[in-house]
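Each residue takes its place number in the sequence, starting with 1.
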Amino acid sequence: MSRVLPLGFCVFAITSGEFVAAGLLPVVAGDLAVSPGVAGLIVTAYALGMIIGGPILTALVARTDRQHVLLGLLAVALVGNIASAVASTFSMLLGARFVSGLVTSTFFAHALVIAVEHGPPDRAATTVSRLTLGMNLAMVVGAPAGTVLGGLGGWRVTYALIAAGCAVGFLWIALRVPRQPVQRRGSALTELWALRDPRVVRALATTAVANCGALMVFVFLGPFLGRVAGVAGDQLPAVILTFGLGGVAGNLIGGRLFDRHGRGYQVAALTTLAFVLVLFWVAVAVPWVGLVMTGVLGAASFSVIPGMQATVMAAAAKAPTLSLAVNASGYQVAAFSAGIVGGAIVDSATGPRPLPVVGAILTLAGLALYVTGAAARATTQEASRADGHARPPRPGA
């Protein structure tokens with residue numbers, strides 16, 4: 001527990017910078033004189049950093065002392081958020097968000113491995129849930145609080161406070177997480193080569209496509225609710241809080257149900273998410289119904305994530321730490337695409353109204369990928385079993 005608390009706090013501080021963007025888009029757009037759709041590129045830049053940084057950095061530091069890795073990653077996050085707070089142009093802000101995103105996947109992967117290795121062996125899942133609570137709090141507390149602060153003192157204050165959180169986390173890790181040398185075989189190229197398996201590629205593609213639609217709606221909740229449902233800017237923090245609370249519930253429930261029912265649950269969860277997106281599109285015009293549906297959408301969105309994470313980790317069993325970082329990067333491919341596609345829709349002649357419908361279509365595309373991937377895995381397993389029966393092991397093998 002002594003290690004989980006500072007690690008969880010750092011996860012909270014770093015990932016708050018990711019989730020808070022949804023509430024800051026209107027003020028960033030107004031302050032830097034860009035459209036709301038273009039402002040959404042700060043999400044795309046952060047996601048691109050995670051996509052690139054996750055697998056590459058995790059592989060490069062695989063044989064480095066873990067405390068040094070965590071401190072180095074926190075230092076980069078600190079610099080990136082300070083640069084975000086002082087950025088004078090939109091281009092500078094995009095660059096700063098890219099730098100901040102570079103370290104997020106790798107930090108989470110290493111923090112998770114450290115927490116599990118030093119926790120009770122029979123309570124690994126509990127340890128993981130405690131650490132990931134930091135990410136949940138980033139959405140439930142960090143994002144709404146950052147939105148309020150952005151509206152009161154400007155978006156720069158929000159990023160400055162996130163930087164302060166990274167500084168506190170740096171000192172906490174230095175004092176409470178001891179040096180942990182790691183002996184690993186192979187090079188960074190060997191680590192990355194372990195992910196060449198087509199099953200891993202399919203799992204990552206499913207994560208990217210299936211999550212894109214819901215993320216697109218979340219990123220542009222401000223413009224969507226403002227122009228479609230007439231939600232005022234000062235009500236946006238409550239809306240994001242509702243989405244986040246739904247997300248916490250969906251994450252916990254989704255993990256348990258996937259453990260019990262596996263692929264069948266995942267198919268049902270993705271189907272439900274597509275249905276909820278359409279229902280959200282229909283019901284959002286009524287304010288109180290729209291607020292309730294925002295919470296339902298948060299629950300449905302996060303209910304699919306545990307199963308996708310488990311699928312990626314199972315497919316990349318030869319590189320478990322790297323697979324965690326790559327899974328996060330796969331999720332950020334969805335965020336990257338959501339920022340571009342959603343921004344184009346928001347700035348189009350139709351406005352943000354079609355966002356949930358397009359999101360539902362993307363979710364169904366992800367469902368199709370998942371189903372075909374599951375069928376391919378089943379075929380491979382049956383072929384392996386048949387091959388094993390046909391060719392018994394050699395004597396002495």
- Query: Say you draw a straight line from OH of Y46 to CG of L94; how long is it, rounded to the nearest 0.5 Å?
  - Reply: 14.5 Å
- Compute the ring centroids of F243 and F218, then answer whether they are less than 6.0 Å apart. yes
- Message: When you group the ILVMFWY residues by side-chain heavy-atom contacts below 4.5 Å and let the links chain together, are L71 and L57 in the same group?
- Response: yes
- Message: Has R97 got a side-chain atom pairing as donor or acceptor with N81's backbone, closer than 3.5 angstrom?
- Response: no
- Could you pull out the closest heavy-atom pair between P6 and R176, with the gap in Å? CG-CB, 4.3 Å
- Task: Look at the side chain of N211 and the backbone N and O of T207, then say whether any donor-acceptor pair between them is shorter than 3.5 Å.
- Result: yes
- Item | Distance, nearest 0.5 Å, that separates OG1 of T158 from CG of L24 | 5.0 Å
- Query: What heavy-atom pair brings P352 and P356 nearest, and what distance separates the two atoms?
  - Reply: O-CD, 4.4 Å
- For the residue pair I52 and F98, establish whether any side-chain heavy-atom pair is separated by less than 4.5 Å. yes
- Message: Hydrophobic clustering (ILVMFWY, side-chain heavy atoms < 4.5 Å, transitive) - are V27 and V346 grouped together?
- Response: yes
- Query: Any side-chain heavy atom of W281 within less than 4.5 Å of one from P354?
  - Reply: no
- Task: Taking all heavy atoms of A210 and all of L270, pick out the closest pair and write down the distance.
- Result: CB-CD2, 3.8 Å
- Message: Within the 3.5 Å criterion, strictly below it, is a donor on T350 or S348 matched to an acceptor on the partner's side chain?
- Response: yes
- First locate atom CG of L60, then atom OG1 of T106, and finally report the distance between them rounded to the nearest 0.5 Å. 9.0 Å
- Query: Quick one: does L273's side chain get under 4.5 Å of S301's, heavy atoms only?
  - Reply: yes
- Approximate separation, where rounding is to 0.5 Å, of D31 CG and W155 CH2: 6.0 Å
- In Å and rounded to the nearest 0.5 Å, what is the OH to CD distance from Y370 to Q266? 5.0 Å
- Message: What I'd like to find out is whether the side chain of L7 reaches to under 4.5 Å of the side chain of F12, using heavy atoms alone.
- Response: no
- Query: Do Y159 and S100 get their side chains close enough for a donor-acceptor pair, meaning under 3.5 Å?
  - Reply: no
- Should V248 and L245 be counted in the same cluster of Ile, Leu, Val, Met, Phe, Trp and Tyr side chains packed under 4.5 Å apart? yes
- Item | Min side-chain heavy-atom separation L367-T363 under 4.5 Å | no
- Message: With heavy-atom distances below 4.5 Å as the criterion, would you say the side chains of F280 and F275 are in contact?
- Response: no
- Are V103 and L74 close enough, and set up right, to give a side chain to side chain contact (heavy atoms under 4.5 Å, CB included), and what steps lead you there? CA-CA 8 Å; V103 300; L74 281 168; over 6 Å; no
- Would you name the heavy atoms of S105 and G54 that are closest together and state the gap between them? CB-CA, 3.6 Å
- Residue pair P223 / P36: nearest heavy atoms and the distance that separates them: CG-CB, 4.0 Å
- Got I173 and C10 here, is their nearest side-chain heavy-atom distance under 4.5 Å? yes
- Query: Is the closest side-chain heavy-atom distance between I42 and F90 below 4.5 Å?
  - Reply: yes
- Task: Tell me whether V296 is reachable from L257 by hopping between hydrophobic residues (I, L, V, M, F, W, Y) whose side-chain heavy atoms are closer than 4.5 Å.
- Result: yes
- Has the side chain of T15 got a donor or acceptor atom that lies under 3.5 Å from a matching backbone atom of E18? no
- Under the side chain to side chain contact (heavy atoms under 4.5 Å, CB included) criterion, do M293 and L279 qualify, and how do the steps go? CA-CA 8 Å; M293 285 305 303; L279 194 59; 3.8 Å; yes
- Item | Nearest heavy atoms of V267 and T271, plus distance in Å | O-OG1, 2.8 Å
- Message: If hydrophobic clusters are built from ILVMFWY residues whose side chains come within less than 4.5 Å, do V34 and V43 share one?
- Response: yes
- Taking it one step at a time, do L78 and I82 satisfy side chain to side chain contact (heavy atoms under 4.5 Å, CB included)? CA-CA 6 Å; L78 174 62; I82 290 176; 3.9 Å; yes
- Dump the intermediate steps for side chain to side chain contact (heavy atoms under 4.5 Å, CB included) on L93 and S84, then the final yes or no. CA-CA 5 Å; L93 179 60; S84 299; 3.9 Å; yes
- Query: About how many Å separate CD1 of I51 and CD1 of I56, when rounded to the nearest 0.5 Å?
  - Reply: 11.5 Å
- Item | Sidechain-backbone polar pair: T372 side chain, L369 backbone, donor-acceptor under 3.5 Å | yes
